[in-house]
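Here the structure comes first, spelled out in structure tokens, and everything after it is commentary.
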Amino acid sequence: MNKIPDFQSWKAQGQPITMLTCYDYAMARLLARTAVDALLVGDSCAMVIHGFPDTVHATVDMMALHTAAVRRGAPAKLVIADLPFLSYRAGTGRAIEAVDALMKAGANAVKLEGARGNEELITHLVASGVPVMGHLGLTPQSVQVLGGYRTQARTTDQAARLIEEALALEDAGCFAVVLECVPVEVAERVTRALRVPTIGIGCGPAVSGQVLVINDLLTMDPDFRPRFVRAYAEIGPQLVEAAQRYCEDVVQGRFPATGEFVSEPALAETGIDQ
Ligand code: KIV
């Protein structure tokens with residue numbers, strides 16, 4: 001299994017880091033066969049798995065359940081779990097309980113959003129043995145404050161603040177920082193400013209690694225195709241087509257066919273229906 005200190009070595013060696021979200025056992029079993037460096041049980045599961053409009057609806061119980069399923073499916077992968085909305089803002093005691101639930105469910109590390117007001121908690125968690133990944137730029141848990149899912153740090157002032165926040169996360173002890181939807185120039189400056197790696201989503205190539213939501217990479221939702229996602233497969237449309245063909249075959253009497261069920265000809269003679 002990859003280890004948390006590997007992140008810093010990968011950055012030092014210029015080795016790009018790969019991370020994908022993963023929410024369930026079946027997907028984890030498949031991703032376990034790949035070279036992906038880390039699986040992120042993202043709170044995006046509230047949206048892509050549970051159908052909520054935003055990640056605000058994720059809960060500690062939800063995240064723990066998905067983390068445990070991913071751990072069972074990928075026992076040898078590094079698993080990072082998102083701390084859900086407000087679970088780390090209601091005092092250290094509540095935050096520790098949330099972290100404890102995720103780590104006991106199988107996470108190797110946790111991720112939380114934003115820097116302001118989180119520095120002390122991060123220092124405390126790291127000192128307590130919990131690796132913490134930061135998340136800056138478009139922080140979906142703050143979607144109401146941000147006014148939507150849009151590119152962040154587009155002005156000089158905002159870019160300077162983002163770099164300060166990234167440095168604050170590094171100082172607090174984060175082993176890596178996710179950067180979401182910031183201009184490529186800003187992502188590059190943050191990456192150069194930090195010793196720890198940046199993992200980008202919608203930030204271009206000048207970061208230490210990339211993360212994507214697995215559902216987007218697979219095109220599970222054909223109606224959602226963000227510009228920054230490359231669709232490596234069209235599973236959603238293929239699934240629709242497969243399910244449609246199955247329905248037609250059943251209705252037309254083409255499924256099940258010979259070889260797709262058990263036949264014991266002798267039983268036809270036994271009169272078991274009498
Ligand atoms: O929850 C999530 O999927 C994430 C990624 C977008 C980084 O935080």
Side-chain angles (χ1 to χ4, degrees), residues 7 16-24 27-28 31 36-60 62-67 69-70 77-88 98 102 105 107-115 118 122 131-143 146 148-153 162 165-166 169 174-182 187 190-191 196-204 207-221 224-231:
F7 277 78
I17 301 164
T18 54
M19 186 160 82
L20 282 170
T21 68
C22 185
Y23 314 106
D24 65 48
M27 191 70 79
L31 292 177
V36 71
D37 292 317
L39 300 178
L40 172 67
V41 187
D43 58 357
S44 49
C45 77
M47 299 172 78
V48 299
I49 302 297
H50 294 273
F52 287 111
D54 49 45
T55 61
V56 165
H57 290 80
T59 64
V60 174
M62 181 192 287
M63 297 308 300
L65 199 65
H66 287 285
T67 301
V70 169
K77 284 288 183 196
L78 192 81
V79 172
I80 299 157
D82 260 341
L83 280 166
F85 183 59
L86 295 185
S87 65
Y88 48 100
L102 299 185
N108 301 106
V110 297
K111 174 165 82 60
L112 54 75
E113 294 186 6
N118 290 331
I122 294 169
V132 181
M133 176 177 269
H135 185 156
L136 293 175
L138 172 52
T139 44
Q141 291 175 10
S142 304
V143 63
L146 300 177
Y149 299 100
R150 48 176 73 111
T151 304
Q152 302 295 305
L162 187 85
E165 290 182 347
L169 289 181
C174 284
F175 68 91
V177 177
V178 166
L179 289 180
E180 181 164 353
C181 291
V182 302
V190 175
T191 304
V196 299
T198 52
I199 318 269
I201 175 166
C203 293
V207 282
S208 321
Q210 301 287 332
V211 55
L212 279 180
V213 170
I214 188 74
N215 291 52
D216 298 342
L217 174 149
L218 298 176
T219 324
M220 295 299 284
D221 180 354
F224 183 68
R225 294 174 183 270
R227 194 174 48 162
F228 58 81
V229 171
R230 185 174 299 171

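Each ligand, and each atom within it, is numbered from 1 in the order the structure gives. The figures that follow rest on heavy atoms only: side chains count, while hydrogens, waters and symmetry mates do not.
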Close N/O pairs between ligand 1 and protein, under 3.5 Å:
| unit_1 | atom_1 | unit_2 | atom_2 | d |
| --- | --- | --- | --- | --- |
| ligand 1 | 1 (O) | Asp43 | N | 3.2 |
| ligand 1 | 1 (O) | Asp43 | OD1 | 3.0 |
| ligand 1 | 1 (O) | Ser44 | N | 3.1 |
| ligand 1 | 1 (O) | Ser44 | OG | 3.2 |
| ligand 1 | 1 (O) | Asp82 | OD2 | 3.1 |
| ligand 1 | 3 (O) | Ser44 | OG | 2.5 |
| ligand 1 | 8 (O) | Lys111 | NZ | 2.8 |

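Looking at Ile80, Ile201, Leu39 one by one, the single match for side-chain contact (heavy atoms from CB on, under 4.5 Å) with Met19 turns out to be Ile80. Among the candidates Thr55, Asp43, Asp54, the single residue satisfying the side chain to side chain donor-acceptor pair (under 3.5 Å) test with Gln141 is Asp43.
For His135, the side-chain hydrogen bond (donor to acceptor under 3.5 Å, both in side chains) test picks out Lys111, Glu180, with sequence neighbours left out. Taking Phe175 as the reference, Phe7 meet the ring pair (Phe, Tyr, Trp, His ring centres under 6.0 Å) condition, with sequence neighbours excluded. Residues forming a salt bridge (Lys or Arg N to Asp or Glu O under 4.0 Å) with Arg225 (at least two apart in sequence, or on another chain): Glu234.
Put simply, the side chain of Val182 reaches to within 4.5 Å of the side chain of Cys203, judged on heavy atoms.
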